[in-house]
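Sharing a structure here in structure tokens format.
One-based numbering, in listed order, for ligands and for the atoms of each.
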Amino acid sequence: MSATTGRSDEVVAGAIFRDGRLLLAQRVGPPELAGLWELPGGKAEPGESAEAALRRELREELGVEVAGAQRVGAGVPLAGGRVLRAYRVELVSGEPRPLEHAALCWVDADELERIDLVPNDRVWLPELRARLRD
Ligand SMILES: Nc1nc2c([nH]c(=O)n2[C@H]2C[C@H](O)[C@@H](COP(=O)(O)OP(=O)(O)OP(=O)(O)O)O2)c(=O)[nH]1
């Protein structure tokens, strides 16, 4: 993607909070990430906003409708030139189901500390923890 379209080279990851818990999803692959937990999401398409990418990815992966996109923490450069960014999103409708993940879970602040996160996602721990302890 060219520099003029900027933020389309993005992997968006959605943080959904409910009742003092954060939704995590367990990856099925690639082998080095299989079994680890992440914020559900995926690659934005060229020209797609982060909010639209989150709506599309979370519909595909969880079968839910979400709205909003409020940045959480720092961006993480990925191999291949993309940047991984986390966004808080609001659950509008539907109950999340693991349509493309091995499993889903809702964690509180203590469980978030102990769960095996995808290594890149650890950078967001302080902000995620703070939100869970609000
Ligand atoms: N979705 C997601 N991807 C993450 C997180 N942390 C992290 O390092 N990644 C990496 C793993 C992958 O290299 C990349 C996104 O991959 P993905 O498999 O979710 O993307 P996608 O849904 O668009 O999948 P595909 O079409 O390429 O199969 O970002 C995270 O919290 N959520």
Partners meeting side chain to side chain donor-acceptor pair (under 3.5 Å) with Arg59 (sequence neighbours left out):
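Arg59 satisfies side chain to side chain donor-acceptor pair (under 3.5 Å) with Glu65 only.
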Sidechain N-carboxylate O distance under 4.0 Å for Arg131, Glu127
no
- Item | Basic-acidic side-chain contact under 4.0 Å: Arg133, Asp108 |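 Salt bridge absent between Arg133 and Asp108.
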Output block, N or O contacts of ligand 1, threshold 3.5 Å exclusive:
residue, atom, partner, partner atom, Å
ligand 1, 1 (N), Gly41, O, 3.3
ligand 1, 3 (N), Glu38, OE1, 3.3
ligand 1, 6 (N), Asp121, OD1, 2.7
ligand 1, 8 (O), Asn120, ND2, 2.8
ligand 1, 18 (O), Arg27, NH2, 3.1
ligand 1, 19 (O), Arg27, NH1, 3.4
ligand 1, 23 (O), Lys43, N, 2.9
ligand 1, 27 (O), Lys43, NZ, 2.3
ligand 1, 31 (O), Leu39, N, 3.2
ligand 1, 31 (O), Leu39, O, 3.3
ligand 1, 31 (O), Asp121, OD1, 3.2
ligand 1, 31 (O), Asp121, OD2, 2.4
ligand 1, 32 (N), Glu38, OE1, 3.1
ligand 1, 32 (N), Leu39, O, 2.7

Check: How would you list, by chain and number, every residue that makes a side chain to side chain donor-acceptor pair (under 3.5 Å) with Arg27, sequence neighbours excluded?
Finding: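 Side chain to side chain donor-acceptor pair (under 3.5 Å) list for Arg27, sorted by chain: Glu38.
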Ala102 meets the side chain to side chain contact (heavy atoms under 4.5 Å, CB included) criterion, sequence neighbours left out, with Gln26, Val28
Check: Gly73 main-chain N/O paired with Arg71 side-chain donor or acceptor under 3.5 Å
yes
